[in-house]
Amino acid sequence: MNLYHHFGEQLTSVLDALRDQGVLPPDADFTRITVEPPRDPSHGDIATNAAMALAKMAKMAPRDLAQKITELLLQLPDIDSAKIAGPGFINITIPPSFWQKIILAAANAEISYGRSELGRGQKVNVEFVSTNPTGPVHVGHCRGAVFGDALANLLDYSGYDVTREYYINDAGAQVDVLARSAYLRYLEALGEDIGEIPDGLYPGDYLKPVGKALADKFGDQFKGQKDAEWLAAFRLFSIVSMMDIIRADLKALNVRFDVFSSERALIEGKVNMVEDTIDDLRSKGLIYEGVLPPPKGKLPDDWDEREQTLFKATEFGDDVDRALIKADGTYTYFAADMAYHRDKYRRSFNKMIDVMGADHSGYVKRMKAAGKALSDGTAELDIKICQLVNLVRNGKPVKMSKRSGSFITLREVVDEVGPDVVRFIMLYRKNDATLEFDFDKVQEQSKDNPVFYVQYAHARIHSVLYRKIPLEMPDLEMASFEPLKQDLSVLTDSGELALVKRLAQYPRIVEQAAKTHEPHRIAFYLYELAADLHTQWNRGTEKPELRFISDGNKKVTGARAVLLLAVAKTLASGLEILGVHPIEEMR
RNA sequence: GGUCCCGUAGCUCAGUUGGAUAGAGCACCAGAUUCCUAAUCUGGGGGUCGCGUGUUCGAAUCACGCCGGGAUCACCA
């Protein structure tokens, strides 16, 4: 039940009528018309710019056209008043009966109030995390993991057919390093003294169990053998082990995937898909052998000018053409990624979203160029960049040193503060703004902590509906409670109406968040809804007649219970999109 | 130097995809409150939306140019 869609349709019917009357030209364009809440609530419930947007086409002054529109609007049901304001805005107010419908829509368990059919079942692929399978998930990937998961939830909630996908980068040099590191641990498990892990190999303890497992599996048959003997087997075994760890790490954060795609499989399958992709592009005239100009400004000291196989990325908006084959003859990461995106496209994903870290921002243009080239412009590829997260403890930034292996893992953070806190905080900021994660603040049980604040609102309602009401007003016990039979016309207090109006915004917020691929909008909305709830709760301490449980007044309490139910369900719905549990009591 | 992101109240940040007098939290100031529907409440001050030009009925929002901060910059992933 989207208020603004409803009245948008009403408005369209009025405009159609005006077109039939000849007031508007037959080809009048309605696309610039908005139907939205006015910034200042005193202006009314709904505002439209229709008269201003159409004034030129109608060859009328905006206010004169507004007059014609309002006359027809006032003949419609569910419109109390329609007034012309300012340069030609039309401000509409709607009657209490309509607000009551919204409360019921939100309170009714049968309807998912915020869901929409925006996506119309369209397939969308959300690719995220996609970290190298060389160790546990680093805390730096936390944000992308949460963002991608929440975005997928959001799109699913908005009527898309969503696939969550992880691209395993198991074909580059790193996985060879992984295999060599595992080999050392294998020797260690066989009782050899391996000393310090040499520079350039992965030093982490997490490879010890892998070494042990390899020793159990292969015995000492590879001891002292050349790497050609064992490299491939060790690589495969290690990658599988690392993916087990990564999957478990992500699960701890309640992040889930539908599909794991392997980069190596693209190259080593029956058809070499990377080669196939390059052939494809070549037949479109988008591949050539050439020499790239060195980067402008400072020249890398080991700059080596040479001819390479290049993709004409500049034809699709990139700044330079991009290399596909490395000096050693293997494919670049980009070449494989093109093949991968072509694969997604061929799996009929016309809508793709890649979630990347800030360190990949330089990669966006070439990937978008690739998306256009591979789909002949028919695929929509959006790339979301998650900015850095700065960890803070005791008021000081947490320093991390990759070299010593003392990096902080996703698992450590989740174990310390819990998945709900990590998720909410990561989403309580726009994805392209840097974020501060303060271990002390995010665990604080006070209203300064937005996670606590929102969850507390939900718990408070639960306490009224499921603890207090059964004690004080057994007739309204939730098990047999019937929202439809309550008289909502008694909800007239300003704080109650504020809650209702906030509830009415929810479908619109979800829709905007889905359209812009910005789940943080949900988090901010939930904070505001929680604030309205807490405010009304607090007013009850001053004025007992405003308490949700009104002494001895079953009628009022019943109506307020419907409102609380609506607020709780909306909070739970939004939290569910964010992947945060709507807890029922504070511990 | 190129590219991308950011710049909004003292601080941390929203800002309805171009709308009316730009918002919230913290901090600050002034009151209330020791009560319980547990983990305060109410009110207030505070702004050149980095700067400038342009686009139009209308700009924090769009375009271009500067300034400041961050990320990144053949071949890695």
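Proteins come first, then strands; the chains are lettered A, B, ... in the order of their sequence lines, and each starts at number 1.
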* Does the base of U16(B) carry an N or O that pairs as donor and acceptor with the side chain of R508(A) under 3.5 Å? -> yes

* N or O in side chain of N169(A) less than 4.0 angstrom from A77(B) OP1/OP2 -> no

* To do: Return the value, rounded to whole Å, for the distance between atom CZ of R366(A) and atom C1' of C73(B).
  => 9 Å

* Asked: NA contact type, A85(A), heavy-atom cut-off 4.0 Å: base, sugar-phosphate, or nothing?
  -> base

* Sugar-phosphate only, base, or nothing, as touched by N91(A) at under 4.0 Å among non-hydrogen atoms -> base

Polar-atom pairs under 3.5 Å, protein N or O versus N or O of nucleotides 54-61 of chain B: list them with distances, or write none.
{"from": "C57(B)", "atom 1": "OP1", "to": "K56(A)", "atom 2": "NZ", "distance (Å)": "2.6"}
{"from": "G58(B)", "atom 1": "O6", "to": "R32(A)", "atom 2": "NH2", "distance (Å)": "3.3"}
{"from": "A60(B)", "atom 1": "N6", "to": "R39(A)", "atom 2": "NH2", "distance (Å)": "3.4"}

* Asked: Taking the same atom, C1', in A14(B) and in G68(B), what whole-Å distance lies between them?
  -> 22 Å

* So which pairs with a foot in residues 519-537 of chain A pass salt bridge (Lys or Arg N to Asp or Glu O under 4.0 Å), sequence neighbours left out? -> R502(A)-E528(A), R502(A)-D532(A), E518(A)-R521(A)

Can you list, pair by pair, the side-chain donor-acceptor contacts under 3.5 Å of residues 314-325 of chain A, counting residues two or more places apart and other chains?
{"from": "T314(A)", "atom 1": "OG1", "to": "D321(A)", "atom 2": "OD1", "distance (Å)": "2.6"}
{"from": "D318(A)", "atom 1": "OD1", "to": "R322(A)", "atom 2": "NH2", "distance (Å)": "3.2"}
{"from": "D318(A)", "atom 1": "OD2", "to": "R322(A)", "atom 2": "NE", "distance (Å)": "2.8"}
{"from": "D318(A)", "atom 1": "OD2", "to": "R322(A)", "atom 2": "NH2", "distance (Å)": "3.4"}
{"from": "D319(A)", "atom 1": "OD1", "to": "K365(A)", "atom 2": "NZ", "distance (Å)": "3.1"}
{"from": "D321(A)", "atom 1": "OD1", "to": "A313(A)", "atom 2": "N", "distance (Å)": "3.1"}
{"from": "D321(A)", "atom 1": "OD1", "to": "T314(A)", "atom 2": "N", "distance (Å)": "3.0"}
{"from": "D321(A)", "atom 1": "OD2", "to": "Y288(A)", "atom 2": "OH", "distance (Å)": "2.5"}

* **Closest-nucleotide ordering on RNA chain B, the 5'-leading residue of I549(A) and E528(A)** => E528(A)

* Should R429(A) be listed as having a side-chain N or O under 4.0 Å from OP1 or OP2 of C13(B)? -> yes

* C1' gap between A24(B) and U53(B), integer Å -> 33 Å

* Are F89(A) and the base of G19(B) stacked, counting only ring centres nearer than 5.5 Å and planes tilted under 30°? -> no

* Is any side-chain N or O of Y456(A) under 3.5 Å from a base N or O of A39(B), one able to act as donor and the other as acceptor? -> yes

* Could you state the NZ-C1' distance from K430(A) to G23(B), rounded to the nearest angstrom? -> 14 Å

* Relative to each other, are the rings of F311(A) and F334(A) parallel, tilted or perpendicular (30° and 60° limits)? -> tilted

* Asked: Per the atom types in the model, does the base of A74(B) pair as donor or acceptor with the side chain of D321(A) at under 3.5 Å?
  -> no

* **With D45(A) via side-chain hydrogen bond (donor to acceptor under 3.5 Å, both in side chains) - residues at least two apart** => K501(A)

* Asked: Between the side chain of T409(A) and the main-chain N/O of P136(A), is any donor-acceptor distance below 3.5 Å?
  -> no

* Mind checking what makes side-chain hydrogen bond (donor to acceptor under 3.5 Å, both in side chains) contact with S81(A), not counting sequence neighbours? -> T93(A)

* To do: State plainly whether the residues D354(A) and K344(A) are in salt-bridge range, i.e. N to O under 4.0 Å.
  => yes

* Apply side-chain hydrogen bond (donor to acceptor under 3.5 Å, both in side chains) to K554(A) and list each qualifying residue two or more places apart in sequence or on a separate chain. => D475(A)

* S463(A): partners by side-chain hydrogen bond (donor to acceptor under 3.5 Å, both in side chains), with sequence neighbours left out -> none

* Rounding to the closest angstrom, what is the interatomic distance between C5(B) and G10(B) at atom P? -> 27 Å

* **Distance under 6.0 Å and angle within 45° of ring axis: R393(A) vs F439(A)** => yes

* Asked: What does R306(A) touch in the nucleic acid at a heavy-atom separation under 4.0 angstrom: a base, only the sugar-phosphate, or nothing?
  -> base

* Secondary-structure stems for RNA chain B, with pairs counted as Watson-Crick or G-U when both distances are under 3.5 Å and runs at least 3 long -> B:1-7 with B:67-73, B:10-13 with B:23-26, B:28-32 with B:40-44, B:50-54 with B:62-66

* To do: Tell me what E305(A) touches on the nucleic acid: a base, only sugar-phosphate, or nothing, going by heavy atoms under 4.0 Å.
  => nothing

* Mind checking what makes side-chain contact (heavy atoms from CB on, under 4.5 Å) contact with F524(A), not counting sequence neighbours? -> Y428(A), H520(A)

* Give one of base, sugar-phosphate or nothing for G540(A), where a contact means two heavy atoms less than 4.0 Å apart. => base

* Structure fact -> Ranking U3(B), A14(B), A24(B) by distance to the side chain of Y527(A), first place goes to A24(B)

* Verify the contact: side-chain N or O of K447(A) to OP1 or OP2 of C26(B), cut-off strictly under 4.0 Å; return yes or no. => yes

* To do: Using the C1' atoms only, state how far C28(B) lies from G46(B), rounded to an integer number of Å.
  => 9 Å

* To do: Would you mind classifying the nucleic acid contact of D337(A) as base, sugar-phosphate or nothing, using non-hydrogen atoms under 4.0 angstrom?
  => nothing

* To do: Take atom CG of N538(A) and atom P of G43(B), then tell me their distance rounded to the nearest Å.
  => 11 Å

* Go through F548(A) and I461(A) one step at a time and tell me if the side-chain contact (heavy atoms from CB on, under 4.5 Å) criterion holds. => CA-CA 9 Å; F548(A) 291 109; I461(A) 295 173; over 6 Å; no

* Asked: Expressed as a whole number of Å, how far does the P atom of G69(B) sit from that of U12(B)?
  -> 16 Å

* To do: Between V364(A) and H520(A), just flag the one whose closest nucleotide in RNA chain B comes earlier from the 5' side.
  => V364(A)

* A71(B) base to H360(A) side chain: any donor-acceptor pair below 3.5 Å? -> no

* Asked: What residues, two or more places apart in sequence or in another chain, satisfy salt bridge (charged side-chain N to carboxylate O under 4.0 Å, His left out) together with R235(A)?
  -> D176(A)

* To do: Using a heavy-atom cut-off of under 4.0 Å over every strand shown, decide if P293(A) touches base, sugar-phosphate, or nothing.
  => nothing

* Asked: Across the strands shown, which category fits T434(A) at heavy-atom distances under 4.0 angstrom: base, sugar-phosphate, nothing?
  -> sugar-phosphate

* To do: Measure from CZ on R322(A) to P on C73(B) and round the result to the nearest Å.
  => 11 Å

* Pull out every residue in residues 326-335 of chain A that has a heavy atom closer than 4.0 Å to any atom of RNA chain B, ordered by number, or say none. => K326(A), A327(A), T332(A), Y333(A)

* Asked: T31(A): what forms a side-chain contact (heavy atoms from CB on, under 4.5 Å) with it, not counting sequence neighbours?
  -> D29(A)

